[in-house]
Amino acid sequence: MTAPLLQVEDLKVDFSTRNGIVRALHGIGFTLHAGETLGIVGESGSGKSVTSLAVMRLLDRAGRIAGGRVLFQGRDITRAAPGDLRSLRGAAMSMIFQNPRAALNPIRTVAQQIMDVLRAHRRIDAAEARQQALDLLKAVRIRDPERRMSAYPNELSGGMCQRVMIAMAIACEPALLIADEPTTGLDVTTQKVVMDLLAGLTAERGMAVILITHDLGLAARYCGAIAVMEQGRIVEQGPTEALFRDAQHPYTRRLIAASPTRRSTLADLAQGAPPVEPVSRPPPPPGTGPLLEVQKLVKLYSGTRAVDDVSFTISAGGSLGLVGESGSGKTTLSRMICRLIDADGGDVVFQGESIGHIPARDFHKAPQRRDVQIVFQDPTDSLNPRFTAFDSIAHPLRRLEGMRDGSALTARVTEAASRAGLEPALLGRFPHQLSGGQKARVGIARAVAPRPKLLLLDEPTAALDVSIQAVILQLLDRLRREDDLALLFVSHDLNVVRMMCDQMVVLQAGKIVEAGPSMRVFEAPGAEYTRTLLDAIPHFEPNAAPADRVDA
Amino acid sequence: MSATVAGTRSTTQHILFVLRGNPVTAIAATLVTLLVVIAILAPWLAPYDPIASDVPSALQPPSAAHWAGTDQLGRDIFSRILLAARLDLFIAVSAVGLSFVVGAVVGGFCGYRGGRLDRWVGRIVDVLMAFPLFVLAMALVAALGNRMENIIIATAVINLPFYTRFARAEVNVRRNSGWVEAARACGESHMMVVLRFLLPNVLPAMAVQISLNLGWAILNAAGLSFIGLGVQAPTPEWGIMVAEGARFITTGKWWLVAFPGLALMLTVLGFNLLGDGLRDILDPRMRT
Amino acid sequence: MKTFLAILRRVGRRLLFSLPALLGVVVVTFVLMRVLPGDPAVFFAAGPSAGKAEIDELRHQMGLDKPMPVQLVRYLGDVATGNLGRSLTTGQPVVADMRARLPASLELTCTALVIALFLSIPLGVAAALRPGSPIDHGVRMLCTLGVCVPTFVSGLLLIYVFYYLLGWAPDPTARIDIFASTPPDITGFYLIDFALTGDWQGWWAAFTQLLLPAFTMALFVLAPLARMTRASMLAVLGSDFIRTANALGLKPLRIVVAYALRNALLPVLTITGIVFSTMLGANVLVEKVFSWPGVASYALDALLASDYAPVQAFVLLMATIFVLVNVLIDILYGVADPRVSVE
């Protein structure tokens, strides 16, 4: 057996913060041979990014390697001189990051940036560097590469920027490539294209890859081995297949369970949560109209139709998923239905009454305001930083029900909080003192506090870790069943929508491309676009993992 | 509100915490407090009559009797500096307060609403900013007359564009945040969203501006007096004192300029340092 | 070529947009000046003995007997044709006075700006490269103290130290020693004119005379420039693309200069425009302290004498310079930042 390419032994990293020294890595170790692919999977705060930065010795000033060794091609990187490190980085080991647009220098052209890397490590003249840069752009399959050479990052899409980033990282044929969440923030379809490209290029060149990701499905699809991290420790590692077949550590099991597969149900996701009693609802008496009727809604943004002639209905207690990628108009649509912005055409009918014609600026006075509530995408962004959790949840009660401070209000707030699974002890805290999951619960408690009939959910779990996502999804489902609450679930994730909703509407560029019962759309998609979306969902089928993997 | 009661205590604790961790802010706060005390008690603190001239003892260097020396009319410079603190602080505080209130409200609504109103206000602000502001202040005081209230107005006017722009920009970046939409969904009108949600959140950033601007306002007021367009002699005012002392600097009588200059500098320094400290105190995200 | 055209278009649009602002400046100054106390006709009539007829005659001559809107329209017409009126104190056309005095002010302001930029950018960069080091603390202290000292105090203290105590600086009055000969009037900038005629002794005399006032003004704007350089350099050094450059092994010098500094200078460029405007205002104070024969001291004297025309012309001139400087900064910004020229 040859010597490993990378050997990490008992690596410890400390960060100095305002509250003293915090240990981010508690002695982790793993081994990677040439040409192998390793996925490091963990939720936020698990230390997976710190691991990658420590291996590259790119920790910022506050971070310090406190112990252990990182052997790369037999040399201990933790003791390497800065000059030696510089000649290693880019040439023998390189790295690509999430948010590719920010990772590129905004005021240098694509060609200049690739040439910078080439000329930092190779003695070649400008013309030769230019030619190689062009070849690299072709290799990462950028359309019209000659023209793109002189483009600036802001003129390229996120996916394009990530391709340029890949071109820079592989320019000097490094032996190791670390990809830190390379597709986070990209649309699902772009995600798949970029990952396939990355896997193909590295396999061709025999590079070893470390893929850092929060997405178990992504790691399973593209990596031969997986290390699972939790709170600065590797709790389990092994070949992908074995790990999924027979996970030992409880955290790994929980993580696997929480990651949706194509067949999982809500109950599978968070094991141990109280089971949801299926409430049999009496069918609505004949003659009752739908709760919400969206009729030919149109919204124009500087001439283009962001939302183009969209119609659908939701019955009382029903649930409908609105699926689309960024730019599909799903968020705009949800804001119009919530009457936060005005439509340029069409109508919104709620319980048989037109509310689409009440101007958004006056809708806060309309009686329907408390019946239509919304949960926002980013739990941090959606809470007023100067309100405590209590004040946030009490806000709609004070405004919409005219409640005054007192035991009645406290009771209602506590009740809403407990239904959203928020401990009463947390009510006095400000948003920055709460975790992401707790903030999401505050947002939900606030929305359900006035007992609405229709709840809009705008990607409510997009910013959350999978294990928290699982719990929040179950919570929403329970609220819906218990309260007969109708849900309009906006998401880019077909799989989540399939679990949450009876009906599904797929949007592309403001238009409905497909609509129907969720199961039907999922099992037998009618539109080409829906199939692309479905195909792009990173997923793992525990038994079919290897076969699925090597198709790149 | 129960939450507010809990909040008050933690605010005091938080201020103490910040001051302990940041001695510079503590010094600045002491400096500013001292200034305010001096401004209030000046008539009782001053060892001499600041206006009474005493020609025989004119132009004396600093001594035990006259800590900061005497000026060309034999007046005690130290006493004059103490009394001037009162006037300069009053001018700065009123001017900045005036422009802050007007600027925050106008800028806040423009930033939130956008559209035509915003464009018009933006244009007016542009016109104001197209003036070299000190020159504008000069012209205003000259036009309105050399009186204290006019100095306040002039200083407020030249501060106004900054507050309007600042509030506008700060509100503008927040107006699409989730919690603003959430407040709307909770039944808040546009007006209340600006007044009760956006402006309080913009306040920490503006408080820093206020503190920095107080220093700037004092410099402006003193500058106006220095060129003969502000408060008139013999009223004790730092700018006038420097202007009077300027004639004697080439003959080496440094104390006429240095001490009022030092008073100006310390005041501005105090406000500037306090501004930086305030940012930490008022930002709830810094509370841990 | 495409970028050049784009920049040209932007400059054109920018100039067009600044016209209303300039018009606003003209109108506001006009109105303000008409509210000024005192009647210039009385002021400039031949002394207290002047009869009413003489004053009325003067008033008619100055157009003061017409209603204000009419006066405004006439004034706007004059401005459009380049006639800014006649100064009642010097008896000269304002345009001529301004032309004679503007080079003095510009020479002072520009020298000060160059000094400030040459000091502040290296200081800010040095501080940002070693946060928390003695250099950083030194620069931060300088920034904090720098904005606290008013120009009229620092100017006087510099005179005390360098003229009275050390004797290094020449007598702090005017642009050149009264006994020395002025250079031939080619550009009006003494440093350039002396250099053109090869009179290096005269050049040195003018240069030493310029140093103190220029440094006084530079000290005042040093702080905001250094502070902005440090802050934006720190922000850029912490950004993702610097991490990328490090991860791909680029040379440190290349990272600092081509990647960090070029990006960090963009906000510095913006603040330079604001700083320049502050300097135009500070000119009034510095020119007074150093008896510098520039446009600002000319306008101040006119203002104190209720002489409208020079003040209006001065404010218009300042606003125009301000607009031009901003257009220049816009062009530089467009060259330096590809994101702007695309829009």
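Numbers restart at 1 for each chain; the letters A, B, ... are given by sequence-line order, proteins then strands. Computed from a predicted model, the values in this text were never measured in an experiment.
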Problem set entry | pair C:Y259-A:I107: side-chain heavy atoms closer than 4.5 Å | no
Seminar exercise, completed: When the 4.5 angstrom heavy-atom criterion is applied to A:L88 and chain C, the contacting part is neither
Exercise. Tell me, side chain or backbone of C:L266 under 4.5 Å from chain A's heavy atoms, or both, or neither?
Worked result: side chain
Exercise. How many angstroms lie between CG in A:L58 and CD1 in C:I242, if you round to the nearest 0.5 Å?
Worked result: 12.0 Å
Seminar exercise, completed: Of the listed A:M93, A:R108, A:Q113, A:Q112, the one with the largest count of heavy-atom pairs under 4.5 Å with chain C is A:R108
Exercise. Under 6.0 Å from the CZ atom of A:R57, do we count more than 12 heavy atoms belonging to anything else shown?
Worked result: yes
For this session: Go through the atoms of C:A336 and report whether side chain, backbone, both or neither lie under 4.5 Å from a heavy atom of chain A.
Result: backbone
Exercise. For A:M56, is it the side chain, the backbone, both, or neither that has a heavy atom closer than 4.5 Å to a heavy atom of chain C?
Worked result: side chain
For this session: Assess whether atom CG of C:L19 is packed by more than 12 heavy atoms of other residues, nucleotides or ligands within 6.0 Å.
Result: yes
For this session: Answer yes or no: is there a side-chain heavy-atom contact under 4.5 Å between A:L53 and C:R243?
Result: yes
Problem set entry | Under 4.5 Å from any heavy atom of chain C - which part of A:M165 | side chain
For this session: Could you please spell out the steps behind the side-chain contact (heavy atoms from CB on, under 4.5 Å) verdict for A:F97 and C:D240?
Result: CA-CA 8 Å; A:F97 302 93; C:D240 284 6; 5.8 Å; no
Exercise. What part of A:D60 gets closer than 4.5 Å to chain C, counting heavy atoms only: side chain, backbone, both or neither?
Worked result: neither
Exercise. Does atom CZ of A:R205 have more than 12 heavy-atom neighbours from other groups under 6.0 Å away?
Worked result: yes
For this session: Give, as side chain, backbone, both or neither, the part of A:R61 having an atom under 4.5 angstrom from any heavy atom of chain C.
Result: side chain
Problem set entry | Side-chain (A:R89) to main-chain (C:A247) donor-acceptor, under 3.5 angstrom | no
Exercise. What are the two closest non-hydrogen atoms of C:K251 and A:R119, and how far apart are they?
Worked result: NZ-O, 4.1 Å
Exercise. Going from OG1 on C:T244 to CE on A:M168, what distance comes out if it is rounded to the nearest 0.5 angstrom?
Worked result: 6.5 Å
Problem set entry | Residue part contacting chain C, namely of A:S94, when any heavy atom lies under 4.5 Å | both
Exercise. Any idea which heavy atoms bring C:G249 and A:A120 closest together, and the distance?
Worked result: O-CB, 3.7 Å
For this session: Any chance you could measure C:L248, atom CG, to A:I170, atom CD1, to the nearest 0.5 Å?
Result: 11.5 Å
Exercise. With distance as the sole test, does A:H121 use its side chain to make a donor-acceptor pair with the main-chain N or O of C:L250 at under 3.5 Å?
Worked result: no
Problem set entry | Residue A:L104 versus chain C: region with a heavy atom under 4.5 Å | backbone
For this session: Take atom CZ of A:F72 as the centre, draw a 6.0 Å sphere, and report whether it contains more than 12 heavy atoms from other residues, nucleotides or ligands.
Result: yes
